[in-house]
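Below: the structure, in structure tokens.
All values derive from a computational prediction rather than experimental measurement. Along the sequence shown, the residues carry numbers beginning at 1. All ligand and atom numbering here is 1-based and tracks the order in the structure.
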Amino acid sequence: MATHNLLMLPGDGIGPEVMAEVERLIAFFNKRGPAKFETSSDLVGGAAIDKHGVPVTDEAMAKAGQADAVLFGSVGGPKWDKVAYDIRPEAGLLRLRKDLDLFANLRPAICYPALAEASSLKRELIEGLDIMILRELTGGVYFGEPKEMVTLENGQQRAVDTQLYTTHEVERIAKVAFDLARVRRKKVHMAAKWNVMRTGVLWQQVTAAVHKSYAPEIAYEPILADNCAMQLVKNPKQFDVVVCDNLFGDILSDEAAMMTGSLGMLPSASLGAPDAKTGKRKALYEPVHGSAPDIAGQGLANPIATIGSFGMALRYSLGMVKEAELIDKAIANVLGQGLRTGDIMQPNMRKVGTTEMGRAIETELARLAG
Ligand code: IPM
Ligand code: MN
């Protein structure tokens with residue numbers, strides 16, 4: 001039986017609670033097969049700051065680099081609002097992304113039939129919705145230098161962030177977009193601001209060139225990022241794959257997540273380039289939602305985004321596509337049975353907490369697996 005080596009980084013806030021429900025599914029597979037998981041865990045974010053003074057240690061980074069997949073919860077919270085900028089909790093996540101070169105962030109927004117009413121948009125707009133926001137994750141304004149705040153002679157502060165991309169960075173994410181579209185509905189939108197930003201011009205030129213040479217059979221449409229934000233709420237089903245830079249991807253994926261009913265539903269995968277010899281990619285899986293300090297520690301959080309992220313790990317890192325599909329089916333069925341955490345609660349449904357939702361998904365998974 002194949003053995004997969006997972007690093008768990010539950011982090012802060014609701015991270016540990018939702019991750020416990022993934023551990024439940026790992027235990028399930030370890031008992032039933034078809035694969036074995038060996039897990040180790042480490043601290044990240046505020047939890048790592050409290051213990052080690054940094055949001056992720058070199059040892060944790062080394063473990064992450066060795067793992068078949070990293071499963072990440074969430075970081076941050078009011079407790080660490082005052083720590084120095086360079087060691088804030090989020091810096092741990094950003095270091096993982098950057099140092100492991102996880103440039104491709106897949107954020108699928110799927111509307112489960114049972115949740116069509118939970119969206120703030122009309123049912124007909126989002127029923128059957130299945131779009132993929134593909135976010136570039138290791139470049140752009142998140143990492144460009146200079147990035148600083150300096151005090152001027154007149155006492156004013158001057159802050160600078162730098163939006164920076166190279167041809168290679170855009171090319172490799174564009175190829176991922178076309179590869180994804182090939183096995184989906186064969187359409188790629190590239191969202192950027194080429195009317196204002198030089199990086200936008202580069203994105204448009206490079207993605208158009210990649211389209212022509214690499215995937216001419218895929219429909220390709222550049223769209224201004226502001227228009228894309230508007231079109232997403234106007235007619236989301238016109239989209240299949242939307243590829244964009246780091247910052248636009250951050251924003252558009254929150255928007256897409258909310259259309260599916262709740263931020264608590266959206267999983268994500270962050271992938272590196274395939275290794276030249278083994279074909280394996282470094283990978284980190286995390287829910288799109290944050291640490292939700294307001295409900296942390298109360299057993300109220302929705303574990304579905306994190307369970308869905310584990311499903312993406314099975315699909316994209318571990319070659320367990322069938323099991324990934326079973327997890328998605330189990331989630332859909334449990335929602336169909338009327339179970340709801342607070343964030344997706346609707347009239348006449350049964351409100352449950354984190355553990356009960358996780359247990360119900362495990363029970364349904366066991367039933368489906370036969
Ligand atoms: C996300 C988050 C992060 C980001 C934060 C926590 C740094 O919002 O993964 O979308 O901005 O990328
Ligand atoms: Mn975000």
Please report which non-hydrogen protein atom sits nearest to [atom], along with the residue it belongs to and the distance in Å to one decimal place.
| atom | result |
| --- | --- |
| atom 11 (O) of ligand 1 | Tyr142 OH, 2.6 Å |
| atom 10 (O) of ligand 1 | Asp250 OD1, 2.9 Å |
| atom 9 (O) of ligand 1 | Arg97 NH2, 2.7 Å |

*Arg107 and ligand 1 - part of the residue with a heavy-atom distance under 4.0 Å*: side chain

*Side chain, backbone, both or neither: which part of Arg135 comes within less than 4.0 Å of ligand 1 when only heavy atoms are counted?*
side chain

*Of the non-hydrogen atoms in Gly139 and Asn246, which two are nearest, and what is the gap between them?*
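The pair with the smallest heavy-atom distance is O-ND2, 3.1 Å.
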
*Take Val170 and Thr199 through the side chain to side chain contact (heavy atoms under 4.5 Å, CB included) test and state the conclusion after the steps.*
CA-CA 10 Å; Val170 182; Thr199 49; over 6 Å; no

*Would you verify whether the NZ or CZ of Lys98 falls within 45 degrees of the ring axis of Phe143 while also being under 6.0 Å from that six-membered ring's centre?*
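Yes, Lys98 sits over the ring of Phe143.
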
*Mark yes or no: Arg172 above the aromatic ring of Phe103, with NZ or CZ under 6.0 Å from the six-membered ring centre and no more than 45 degrees from the axis.*
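Judged by the rule, Arg172 and Phe103 form a cation-pi pair.
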
*Short question: side chain of Glu136, backbone of Thr138 - any donor-acceptor pair under 3.5 Å?*
yes

_List ligand 1 atoms under 4.0 Å from Glu90, heavy atoms only on the residue side._
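Counting atoms of ligand 1 from 1, those under 4.0 Å from Glu90 are 6 (C), 7 (C).
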
*Find, among atoms of Asp250 that are N, O or S, the one nearest to the Mn ion (ligand 2), and state its name.*
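Of the nitrogen, oxygen and sulfur atoms in Asp250, the Mn ion (ligand 2) lies nearest to OD1.
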
*Compute the ring centroids of Phe37 and Phe310, then answer whether they are less than 6.0 Å apart.*
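They qualify: ring centres under 6.0 Å apart.
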
